[in-house]
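This report concerns only the one structure given below.
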Protein chains: 2
Amino acid sequence: MRRIAPDRDQLLAIIAEVFREHGYEGASLALIGAATGLGKGSLYHFFPSGKEEMARAVIDNIDGWFEDNVFAPLHDNPDPQAGIEHMVAATDSYFRSGRRVCLIGAFALDQSRDLFASQIRDYFGRWVAHLADALARAGHRPAEAGELAEETVAAIQGALTLARAADDLDVFSRTLRRLRMRLGLPANI
Amino acid sequence: MRRIAPDRDQLLAIIAEVFREHGYEGASLALIGAATGLGKGSLYHFFPSGKEEMARAVIDNIDGWFEDNVFAPLHDNPDPQAGIEHMVAATDSYFRSGRRVCLIGAFALDQSRDLFASQIRDYFGRWVAHLADALARAGHRPAEAGELAEETVAAIQGALTLARAADDLDVFSRTLRRLRMRLGLPANI
DNA sequence: GCGACATTGTACCGAACGGTACAATAAGTC
DNA sequence: GACTTATTGTACCGTTCGGTACAATGTCGC
């Protein structure tokens, strides 16, 4: 019964890639069908409310990944520095060193933000909050920790945009290197 | 006869706003027609190659505005600090303190980047190059100036994304304040 | 085997898409 | 006035859009 669960993760990953590459409007059901190998019958079986439900599920899935691999380590690791280190590494890995774009960031920019406003706000809000918390525990003053957290998350988003605009992956790795320094992490791991 | 878009610059500004809000795919000719008050006959009269030509003209128009109001001051002002100050003010003004999104940045994220790749790369490349030049003239070591310029442009893009995601304009103004400090500008003007 | 449910392919819908054709009208210019 | 060009409205094109209907097939417990 529940064995669709592991498959569902793969399915959502494929659909996410289509949304990532084409945006919400540009990701047609034809593209999604071609990428997943599923016809409309199957797609509407798994997502009865159609494209919007697919996008919502994709965002939830990404949010869950970040919750497990980024936010929770930031919050749970008794050593805040180690948690932050983990965040940087997971971020680099997730965005494939700049090859991948942030789907939720891309959604935030156009009209589709209105559809998913609360999910988008929640995702970025939790990222900033958990990072600020870890920075505060690492010794930063609370106000400074909040600003540095916001600056860090924004820098990652901006680096993804700029890396894709310039078609130069080094933009992203340079940004992570600078952030690492600013966050008080050792230069190399 | 009352014209809604008397001159080309105003027309392009209106079309730009539609692309900004809906993205390239989402900006339908119906939306563009409604926003400009022009029917398809007029739109195809001014832009014979259709939507792609409209987008290209809009990007050129934005690029030209930045050339005149941001890049040239950075390059021409004999006082590099004053040029950088001008850039920050013009940027704040152009993006309406975070209310507006960067159309070219948004285009860079999805599939439409492929259509406009060279224009997008050029825009950001010149922004970074001119800012780096001004920073070098202001006393930064060349390598450091390049990194700081890249960091600054990326931070602006990221702040626009985050401000819209969080629906909080303060994100943008806080970012500009931090950038101002890092760029060696006085805290207040 | 059976029945129950999960999954799929396919044909179809109305609406919207980008784009074209072209005649009607407006605006100069002489 | 007439001639020329710029601009516009409208009807239309083929295609694709997101979405629906539903019968056929697969998969499972029993």
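On a predicted model such as this, the values are computed, not experimentally measured, just so you know. Letters go in sequence order (proteins before strands), and every chain restarts at 1.
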Length of the CZ-P vector between F47(B) and dT8(D), whole Å:
12 Å
Any idea how Y24(B) and F107(B) line up, ring-wise: parallel (<30°), tilted (30 to 60°), or perpendicular (>60°)?
perpendicular
Using nucleotides 18-22 of chain C, report all nitrogen or oxygen pairs with the protein that are shorter than 3.5 Å.
{"from": "dG18(C)", "atom 1": "OP1", "to": "K51(B)", "atom 2": "NZ", "distance (Å)": "2.8"}
{"from": "dG18(C)", "atom 1": "OP2", "to": "L29(B)", "atom 2": "N", "distance (Å)": "2.8"}
{"from": "dG18(C)", "atom 1": "N7", "to": "K40(B)", "atom 2": "NZ", "distance (Å)": "3.2"}
{"from": "dG19(C)", "atom 1": "OP2", "to": "Y44(B)", "atom 2": "OH", "distance (Å)": "2.8"}
{"from": "dG19(C)", "atom 1": "OP2", "to": "K51(B)", "atom 2": "N", "distance (Å)": "3.1"}
{"from": "dG19(C)", "atom 1": "O5'", "to": "Y44(B)", "atom 2": "OH", "distance (Å)": "3.1"}
{"from": "dG19(C)", "atom 1": "N7", "to": "K40(B)", "atom 2": "NZ", "distance (Å)": "3.0"}
{"from": "dG19(C)", "atom 1": "O6", "to": "K40(B)", "atom 2": "NZ", "distance (Å)": "2.4"}

Could you check how far CZ of F46(B) sits from C1' of dA6(D), rounded to whole Å?
8 Å
Side-chain donor-acceptor distances from residues 55-63 of chain A under 3.5 Å, at least two apart:
{"from": "R56(A)", "atom 1": "NH1", "to": "Q119(A)", "atom 2": "OE1", "distance (Å)": "3.4"}
{"from": "R56(A)", "atom 1": "NH2", "to": "E52(A)", "atom 2": "OE2", "distance (Å)": "2.5"}
{"from": "R56(A)", "atom 1": "NH2", "to": "L115(A)", "atom 2": "O", "distance (Å)": "3.2"}
{"from": "D60(A)", "atom 1": "OD1", "to": "Q119(A)", "atom 2": "NE2", "distance (Å)": "3.0"}
{"from": "D63(A)", "atom 1": "OD1", "to": "R126(A)", "atom 2": "NH1", "distance (Å)": "3.1"}
{"from": "D63(A)", "atom 1": "OD1", "to": "R126(A)", "atom 2": "NH2", "distance (Å)": "2.9"}
{"from": "D63(A)", "atom 1": "OD2", "to": "R126(A)", "atom 2": "NH1", "distance (Å)": "3.0"}

Hey, is NE2 on H75(A) packed in by over 12 heavy atoms from elsewhere, all under 6.0 Å?
no
Just the rounded figure in Å: distance from C1' of dG19(D) to CG of L43(A).
12 Å
On the nucleotide dT7(D), are OP1 or OP2 found under 4.0 Å from the side-chain N or O atoms that H45(B) carries?
yes
Over all heavy atoms of both residues, which pair between R99(B) and R96(B) is shortest? Give the atoms and the distance, please.
NH1-O, 2.8 Å
Without decimals, in angstroms, what is the distance between I32(B) CD1 and dC17(C) C1'?
12 Å
Parallel, tilted or perpendicular: which one describes the rings of W127(B) and F71(B), with boundaries at 30° and 60°?
tilted
What is the distance, to the nearest angstrom, from the CG atom on L38(A) to the P atom on dA6(C)?
17 Å
Which residues, ordered by chain and number, are linked to L109(A) in its hydrophobic cluster, where ILVMFWY side chains connect at heavy-atom gaps below 4.5 Å, directly or through other members?
V101(A), V101(B), L109(B)
